[in-house]
Participant: 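Sharing a structure, written as C-alpha cells. Questions coming.
The shown structure was predicted, so the numbers you read here are calculated from the model rather than taken from an experiment.
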Amino acid sequence: MTARRLTVRYTSPADPAARPLLDELTHEYRTRYGPNEEMTRYPAGDFAPPHGAFLLLLAADGTAVAGGAFRRYDRETAEIKRVWTDSAHRRQGLARQVMRELEAEAVRRGYRRIWLTTGPRQPEAEALYLHLGYQPRYDLDADRTSLPYLPFETHLPLSTAELFGPELTR
C-alpha cells in the first residue's frame, strides 16, 4: 500500500469506518495495560472542529487503515490522541503520514505547539515520536515501567509551507 492510494477523511469517532480501528486500539490498550478507561476518557466532541480533528486514512476500497486525532490542550496547543494503524497495515509509514497530516491541520487551525503522551508499554509509539523529532519531556534513561506515561512536545511553524514545503500544502 502506498501513500498515493490513500485518502484522508476528516470525520468523527462515531464514523462507522472508524469502528474497526478504535476497537483494535481498545483491545491493544487492554492487552498492554489491563482494564482501563483510556478510550472513554474524552468525549467525541473534543475531536470536533473548530478546536479538534479526527482523521482516517482510507484505502482505495474505503477501509480505514490508520487514523488519529487532536483536541485542544490550551489556546496555542493541540493534544494528539488515538494515533493508530490497523495491525494488517503496519510498517508502511502510515503512522508518520497520520502525524504529518494532524500537524498540518493543527497549523491550519492556528495551533503553535503539539503535546502528546503515550504509555510506557508502547515502544513503537515512543520510537515514532522520537523519529519525528518530538522532544521527550521525561528522562530517556528512566525505567519505562516506573513512568505513568511518556510526554512529548513539538513546536509548529506558522504555515504548512514551513512544515512541508509549498508543494505539499493544501
Side-chain angles (χ1 to χ4, degrees), residues 8-58 63-90 94-132 134-140 142-156:
V8 174
R9 178 195 298 169
Y10 281 92
T11 185
S12 82
D15 185 328
R19 181 58 28 216
L21 283 178
L22 295 175
D23 287 348
E24 188 176 44
L25 179 56
T26 300
H27 174 74
E28 190 75 19
Y29 283 157
R30 288 182 181 148
T31 300
R32 292 184 189 211
Y33 300 104
N36 66 77
E37 303 299 318
E38 180 57 33
M39 293 303 290
T40 58
R41 186 176 312 243
Y42 306 102
D46 280 11
F47 305 113
H51 301 298
F54 184 89
L55 76 84
L56 297 173
L57 290 182
L58 302 173
T63 302
V65 295
F70 66 77
R71 62 190 287 272
R72 184 182 186 138
Y73 186 78
D74 64 35
R75 189 174 59 80
E76 294 188 352
T77 308
E79 180 182 19
I80 290 187
K81 304 297 289 178
R82 313 285 186 259
V83 174
W84 192 249
T85 301
D86 178 272
S87 59
H89 298 280
R90 293 189 181 149
L94 299 178
R96 283 191 308 272
Q97 189 175 346
V98 166
M99 289 296 294
R100 292 305 185 208
E101 181 62 36
L102 289 171
E103 290 168 352
E105 186 64 18
V107 168
R108 288 188 286 270
R109 303 266 182 101
Y111 290 112
R112 296 294 164 250
R113 178 176 167 257
I114 288 180
W115 172 260
L116 63 86
T117 60
T118 192
R121 295 181 185 160
Q122 294 172 259
E124 310 89 345
E126 180 184 18
L128 170 68
Y129 304 135
L130 290 170
H131 175 78
L132 292 175
Y134 279 69
Q135 297 302 306
R137 295 298 175 223
Y138 60 95
D139 181 355
L140 286 171
D143 174 12
R144 299 302 184 268
T145 62
S146 71
L147 302 172
Y149 57 89
L150 309 178
F152 292 85
E153 76 172 333
T154 195
H155 292 274
L156 296 169

Participant: Would you confirm whether Tyr111, through its side chain, and His51, through its main-chain N or O, come within 3.5 Å as a donor-acceptor pair?
Facilitator: yes
Participant: Roughly how far, to the nearest 0.5 Å, is CZ of Arg82 from OG1 of Thr26?
Facilitator: 8.0 Å
Participant: Can you sort out the partners of Arg32 under salt bridge (Lys or Arg N to Asp or Glu O under 4.0 Å), two or more places apart, ordered by chain and number?
Facilitator: Glu28, Glu124
Participant: Got Leu57 and His89 here, is their nearest side-chain heavy-atom distance under 4.5 Å?
Facilitator: no
Participant: Take Leu58 and Val65, measure what side-chain contact (heavy atoms from CB on, under 4.5 Å) needs, and give me the verdict at the end.
Facilitator: CA-CA 6 Å; Leu58 302 173; Val65 295; over 6 Å; no
Participant: Kindly determine whether Phe152 and Thr118 satisfy side-chain contact (heavy atoms from CB on, under 4.5 Å), including the steps that lead there.
Facilitator: CA-CA 8 Å; Phe152 292 85; Thr118 192; 4.1 Å; yes
Participant: Would you please test Thr63 and Asp86 for side-chain contact (heavy atoms from CB on, under 4.5 Å) and show each step?
Facilitator: CA-CA 10 Å; Thr63 302; Asp86 178 272; over 6 Å; no
Participant: Please identify each residue that fulfils side chain to side chain contact (heavy atoms under 4.5 Å, CB included) with Arg144, with sequence neighbours left out.
Facilitator: Pro120, Glu126, Tyr138, Leu140, Leu147, Leu150
Participant: Can Glu101 and Arg108 be counted as an ion pair, charged N to O under 4.0 angstrom?
Facilitator: yes
Participant: Let me confirm one number: the OG-CG distance from Ser12 to Leu56, rounded to the nearest 0.5 Å.
Facilitator: 9.0 Å
Participant: Please tell me whether Gln122 and Tyr33 have a donor and an acceptor in their side chains that are separated by less than 3.5 angstrom.
Facilitator: yes
Participant: So, using salt bridge (Lys or Arg N to Asp or Glu O under 4.0 Å) as the criterion, who are the partners of Arg41 when residues are at least two apart?
Facilitator: Glu38
Participant: At their closest point, which heavy atom of Ala95 faces which heavy atom of Val83, and how far apart are they?
Facilitator: CB-CG1, 4.4 Å
Participant: For the backbone of Glu37 and the side chain of Thr40, can you confirm whether one donor and one acceptor N or O come within less than 3.5 Å of each other?
Facilitator: yes
Participant: Any idea which heavy atoms bring Leu156 and Arg113 closest together, and the distance?
Facilitator: CD1-N, 3.9 Å
Participant: Treating Arg90 as the side-chain partner and Thr85 as the backbone partner, does any N or O pair qualify as donor plus acceptor under 3.5 Å?
Facilitator: yes
Participant: I need the minimum non-hydrogen distance between Ala69 and Phe54, along with the two atoms involved.
Facilitator: CB-CD1, 3.7 Å
Participant: How long is the span from the CD atom in Gln97 to the CG atom in Leu102, to the nearest 0.5 Å?
Facilitator: 11.0 Å
Participant: Which heavy atom in Leu22 sits nearest to a heavy atom in Pro13, and how many Å separate them?
Facilitator: CD1-O, 3.6 Å
Participant: Rounded at 0.5 Å granularity, tell me how far CG in Leu94 sits from CE in Met99.
Facilitator: 14.0 Å
Participant: Does the Tyr42 side chain pair with the main chain of Phe47, one donor and one acceptor, at a distance under 3.5 Å?
Facilitator: no
Participant: For Arg109, give me all partners under salt bridge (Lys or Arg N to Asp or Glu O under 4.0 Å), at least two apart in sequence or on another chain.
Facilitator: Glu105
Participant: Just how far is it from atom CD of Glu103 to atom OG1 of Thr154, taken to the nearest 0.5 Å?
Facilitator: 6.5 Å
Participant: Side chain to side chain donor-acceptor pair (under 3.5 Å) with Arg71: which residues, sequence neighbours excluded?
Facilitator: Asp46, Glu79
Participant: State, yes or no, whether a side-chain contact exists between Thr145 and Arg121 at a heavy-atom distance under 4.5 Å.
Facilitator: no
Participant: Using side chain to side chain donor-acceptor pair (under 3.5 Å) as the criterion, list what pairs up with Arg112, not counting sequence neighbours.
Facilitator: none
Participant: Could you go through the side-chain contact (heavy atoms from CB on, under 4.5 Å) check for Tyr129 and Leu116 one step at a time?
Facilitator: CA-CA 9 Å; Tyr129 304 135; Leu116 63 86; 3.5 Å; yes
Participant: Which heavy atom of Tyr134 sits nearest a heavy atom of Ile80, and at what distance?
Facilitator: OH-CD1, 4.1 Å
Participant: Does Arg137 CZ have over 12 foreign heavy atoms under 6.0 Å away?
Facilitator: yes
Participant: Using 0.5 Å steps for rounding, measure from the CH2 atom of Trp115 to the OG1 atom of Thr77.
Facilitator: 9.5 Å
Participant: At their closest point, which heavy atom of Leu21 faces which heavy atom of Gly67, and how far apart are they?
Facilitator: CD1-N, 3.9 Å
